[in-house]
Amino acid sequence: MNVTPSCALEVKGLSVSYASHRAVEEVSVCFRRHRVAAIIGPSGCGKSTLLRSLNRMHDFDPTVKVSGQVVFENQDLYGREIHPPTVRKRIGMVFQKPNPFPKSIYKNISWGPWINHMRGDMDQRVESCLRKAALWDEVKHRLHQSALSLSGGQQQRLCIARALAMNPDVILMDEPCSALDPRSTACIEDLIADLREKYTILVVTHNMQQAKRISDDVLFMYEGRLVEFGPTTQIFSQPRVAQTQAYIQGKFG
Amino acid sequence: MKRRWCKDVLFRWVCGAVSMFATALLLVLLVHLCRQGWEYLDSSFLTQFASRRPAQAGIKAGLWGTLWLLALTATMAFPLGVATALYLEEYAPQGRLTRLLEVNIANLAGVPSIIYGLLGLAIFVRLLGLERSLWSGSMTLTLLILPVIIVSAQGAIRSVPRSLREASYALGAQPWHVNLLVVFPAALPGILTGVILALSRAIGETAPLVIVGAVGYMRFVPTSPSDDFTALPLQIYDWASRPQVEFHQVAASGILVLLSILLMFNLTAVWIRHRLQRYPS
């Protein structure tokens, strides 16, 4: 049963540069299907920039230049025939700060499927997404109240449910717990563990303990470069690169 | 130490006195208007037309003219202003041309209204052959308030957080989904506040309407946008320029009506802004 899963996302020689500097340099890595990969590294090392280039979220900033390839289902996402909104439908994203729409809880979930004309029973979709995001029991009696009335942790779970509603293959999470208290953080971490069965998850995190708890693979970045990528147990017990070891031991960063 | 403290107190008193002065002036004006205008201000004042006899003079034609103008101006200025603002904020390339355009629009907001009147006369009345109609009047007012609406709508659109746009793009939305279904609704309270304040400027405009041919004395209510029209400020001006003292009192009543409409508009704007604060996006 223990077949090595193939790549859900394969990054080949990816570089991202802003107007003044290069944020990501020549990163190549294979993110395995149905695994949780944590991207760690000190602030400003290009973690978020790398993550956002995987579903073309840099398209809106004309000063950002991306080169290299991101291969998803045998296609380069930066290829000429690719339609960026289609990419983002398959590769969802959860942001650092919860950003629900100023609409009802129900509409937050149904908005994505609605604008993309997805078929099926919407009530059912909303319920199943909220259940997957472990939020259903807390909000089932007030689906039509404003999403802004929820607590920060609930809002972030709503954002995860919103991403799930598009039925993506990959979910990118950009420090999803950094704005949350410990209890909500634990809740989101449990959720990530559950979601792994159906989705490939990439999490950027500042918190090394969190990376250790939730991930199968760890990617350590430093100053825009990939320093080390490997299974979490190996990275934390016997890192191959001295820099990685120094970082996990808290010597810098 | 003591001297600095003195300066502080002095400055506070100067600021207080100046603001008191402004408020007091306004109060004196209001009291004066009420005393003058009270006599003729009753329900028949709103339902009667202008007349040669002060006791029978009413503001019906002016009131309806102003309401027509407001409705037509709002219907034209709102979509034009919002679409321009959306274009400038969301689509226009961030270049020198766009900046030039924005600076020009901001400057247009400061052009004297009589210039707009002349423009309206040349284009709408003469060139388009709309004559001295509500069309000409409202189109001229639309031009007049458009810069104000555009600038305030741009501000409202700019204040929609980036995170909302990102959230929608991450769900596979196209730019038009994001602009029409997310950014526009989130900016709407701010846009409406700007529109209402711009309209309340339009209510008081007299000069451009005189130039495009609004009449001062009218004994019917316009029934279509191509009819002749008058407006509250014109009617007031007409009364105030008559020699009889009684008509000056009638003018004061007209001003009170105009002021109450303005007050209603501004209260609506405050209410909308209040709602905006209750649902921060």
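Values below: all heavy atoms of this structure, side chains included; hydrogens, waters and symmetry mates excluded. Chain letters run A, B, ... following the sequence lines, proteins first and then strands; every chain starts at 1. Since the structure is predicted, the reported quantities are computational estimates derived from the model, not experimental observations.
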For Gln174(B) versus Pro85(A), what's the shortest heavy-atom pair and its separation? OE1-CG, 3.9 Å

Comparing Ala167(B), Pro93(B), Ala173(B), Pro185(B) against chain A, the one with the most heavy-atom pairs below 4.5 Å turns out to be Ala167(B)

Non-hydrogen atoms of chain B under 4.5 Å away: do they reach the side chain of Lys103(A), the backbone, both or neither? side chain

When rounded to the nearest 0.5 angstrom, what distance separates NE2 in His177(B) from CH2 in Trp111(A)? 7.0 Å

Heavy-atom count check: over 12 atoms from other residues, nucleotides or ligands less than 6.0 Å from Glu197(A) CD? no

Does any heavy atom of chain B fall under 4.5 Å from the side chain of Phe101(A), the backbone, both, or neither of them? both

With a 6.0 Å cut-off (strictly less than), is the heavy-atom count around CH2 of Trp64(B), excluding the residue itself, greater than 12? no

If every non-hydrogen atom of Ala170(B) is compared with every non-hydrogen atom of Met93(A), which pair is closest and at what distance? CB-CB, 3.9 Å

Return yes when atom NZ of Lys140(A) has more than 12 non-hydrogen atoms of other residues, nucleotides or ligands closer than 6.0 Å, and no otherwise. yes

Give a yes or no on whether the backbone of Leu164(B) and the side-chain of Asn99(A) come within a donor-acceptor separation of less than 3.5 Å. no

Between Lys97(A) and Glu166(B), is there a side-chain N and carboxylate O pair less than 4.0 Å apart? no

Which heavy atom in Ala163(A) sits nearest to a heavy atom in Leu171(B), and how many Å separate them? CA-CD2, 4.3 Å

For Leu181(B) and Trp114(A): C-alpha separation, side-chain torsions, deciding distance, then whether side-chain contact (heavy atoms from CB on, under 4.5 Å) applies. CA-CA 11 Å; Leu181(B) 302 174; Trp114(A) 177 64; 3.8 Å; yes

Does a sphere of radius 6.0 Å around OH in Tyr91(B) hold more than 12 heavy atoms from other residues, nucleotides or ligands, not counting ones at 6.0 Å or beyond? yes

Would you sort out whether Asp59(A) and Tyr169(B) count as a side-chain contact (heavy atoms from CB on, under 4.5 Å), showing the intermediate values? CA-CA 10 Å; Asp59(A) 287 15; Tyr169(B) 281 121; over 6 Å; no

Of the backbone (N, CA, C, O) and the side chain (C-beta and beyond), which part of Arg162(A) lies under 4.5 Å from a heavy atom of chain B, both, or neither? both

